[in-house]
Amino acid sequence: MNRSVSESRGQPASQRHASAVTASPWPLWLRVLLSIALVFHFAVIALCYASNNSQIRSNLADTVLQWLQPYTIPLGWYVELAPLPLVSSSETERPTRVEIRSSQGSKSWKPLIDSTTASPSWRRLMTLVGALQSHEDSDGMSLIAHAISAKAIAEGTPIDGIRFVVTSEAATSNAASPGNASGVDQVLFEAKILSAGPDDLTLVPILEPTRSVPVTPANPVPAAASATKGSTDAR
Amino acid sequence: MHAESAAATNDLSWRAPLLAWNRFWFEPRQGWHLGTTRIAIGCVALLQFASYWFWAPQWLSAQGWFDLETGRYFIGEGLPDMGSEYRWSWLYRWSSPAAVYAACGLGTLASAATLLGIGSRVAPALAWIAMMTLHHRAPWLATPSELLLAAGLFYLIVDTGRTQFSIRPARSDASSSPRTSVTLATRCIQVHFVLWLTLCIASMLQHDVWWNGTAVALLSERGQNWIGAIPRSSWFGQCMTLAMLALPVLALVCWSRPASQAVGFAAIVAYAIAVAVFAGDLLYALALLALATSLLPYSLKPTSGPNSAPPQTP
């Protein structure tokens, strides 16, 4: 993008000025307007890319991005969690599996998707699951689990339960043991599936076993725990 | 005499940034400057849409892996300040597999037309619309290649360079005459790509794995590379991690110096190869190369003078 200083060698300075200013056939007012638009545009692009990871951006950046939504979103400049660093040590990128249980009462779970062997789309979806977990958004995880279950049932796979399991990064970070995947599994989300078919599916998320508050009529189950298909008001 | 030259120098120093800005953005260029980039972006966009044929209908239709209700939830539909009203994908209205295939088909045809130089600005515009249609349906699943290619196609709407497949200039071809819009489109792609690389480096440096040399090993553990598991403590993995960090920096530094612009392009080629091999993302690697063609040395040189001649074949 640098210009060679010798491009107009041999010309008087005044001629160089004149040729540079009048080089474009576009009128001055148009160039001025375009210049302002270009500065605005690339400042917005820089802000969007710099704010790619919503977990660490400032409140000011958040506010400005919100003002700029009518420009950034329709044109596709605004993105979230785009994998610009290719790989990171953040919690959202831990190896994650989708596991299913095929029969009532069965205790064995079998993997449906493993992010370490799946396509980039599955890896992106599992990154999204990791982000939801860090934001404690069980509704979002319920919806993803519901969509996966419905698709799997429609393709002929019997499902009674579904869960997202992440392999703890701390356990896999032993530098002396290369490429090991034998970490500690942590269940991010688990749900029981009540199904009469792919179009009539209900997910009942399993609450964590450490829950100590008893469920009574005076203390109902939270909305997230009973999230079912179509319950948009739970958001 | 001295007073006149001093005044001229003062005038020059005051106006120099404005003149440089004017030359950078608005000095007319011949279409072949952009032809190579248009062909490269069209080719990679064609591959991207070819990949969509195997992915999008399975994922983005009403009963797909990322079904309609999930899509609406994640754009924040119905919630204030989420900007969901600006998501204009037709796949929210028509979500059958046929509608998804239609977006893929439109994008494939438009990308091929962009590659071949058919349809002038309409071709990249349609390819961009098709790509954005799929993007707005599932923005959380956007890949780096999609984001880069969408930007490239968007800027090609300003000008597509030569209107033919060949990148060599023909004296009788009117489209090879200098145009300001060619400069504008080329510069937009260049600046966008430089911004992208800069923010990628900044993003990489936020994470420990790029500092302690384990990033490439981590990629291999997550099954993303093409050469199997790499021990975290190995010299190879650590050297490759540092190389992947240094190559884009080297490219940016070299592009800022006229004498080393070819080295800058070579550095980005090496980085793209590393992305393909270690991150296993071939489309992203190709998209990097496609946009990097806008920074080939001849695109950075003046439009007039002996260095402005296009590459000639014998």
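Chain A is the first sequence line, chain B the second, and so forth, proteins listed ahead of strands; every chain is numbered from 1. Every value quoted in this text rests on a predicted model; they were computed, and no experiment measured them.
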message: Just to verify, what does Trp21(B) make a ring pair (Phe, Tyr, Trp, His ring centres under 6.0 Å) with, not counting sequence neighbours?
response: Trp25(B)

field: Residue list, ring pair (Phe, Tyr, Trp, His ring centres under 6.0 Å) with His136(B), at least two apart or on another chain
entry: Trp88(B)

Tell me, for [X] versus chain B, whether the close heavy atoms (under 4.5 Å) come from the side chain, the backbone, both or neither.
X         : answer
Leu128(A) : side chain
Thr72(A)  : neither
Leu75(A)  : both

Residue among [options] with most heavy-atom pairs under 4.5 Å to chain A:
options                                    : answer
Glu85(B), Met244(B), His135(B)             : His135(B)
Leu147(B), Val216(B), Thr214(B), Thr143(B) : Leu147(B)
Met131(B), Gln58(B), Glu146(B)             : Gln58(B)
Phe154(B), Phe66(B), Trp59(B)              : Trp59(B)
Ala151(B), Ala215(B), Cys188(B), Ser234(B) : Cys188(B)
Ala202(B), Pro139(B), Gly64(B)             : Gly64(B)

query: What part of Thr198(B) lies closer than 4.5 angstrom to a heavy atom of chain A: side chain, backbone, both or neither?
result: neither

task: Could you look at Leu184(B) and say if it's the side chain, the backbone, both or neither that has a heavy atom under 4.5 Å from chain A?
output: side chain

query: When you look at CD of Glu155(A), are more than 12 heavy atoms from neighbouring residues, nucleotides or ligands closer to it than 6.0 Å?
result: yes

query: Does Glu27(B) pair with Arg187(B) as a salt bridge, N-O distance under 4.0 Å?
result: no

- request: Give, for atom CG of Leu288(B) and atom CG of Leu283(B), the distance between the pair rounded to the nearest 0.5 Å.
  value: 11.0 Å

field: Max heavy-atom pair count under 4.5 Å with chain B, selected residue of Ser149(A), Pro70(A), Ala152(A)
entry: Pro70(A)

query: Looking just at side-chain N and O atoms, do Tyr73(B) and Asp137(A) make a donor-acceptor pair shorter than 3.5 Å?
result: yes

message: When you compare the side chains of Ser142(A) and Asp139(A), does any donor N or O come within less than 3.5 Å of an acceptor on the partner?
response: no

- prompt: After noting the C-alpha distance and the side-chain angles of Trp77(A) and His192(B), does the key distance pass the ring pair (Phe, Tyr, Trp, His ring centres under 6.0 Å) rule?
  reply: CA-CA 11 Å; Trp77(A) 306 126; His192(B) 193 107; 5.4 Å; yes

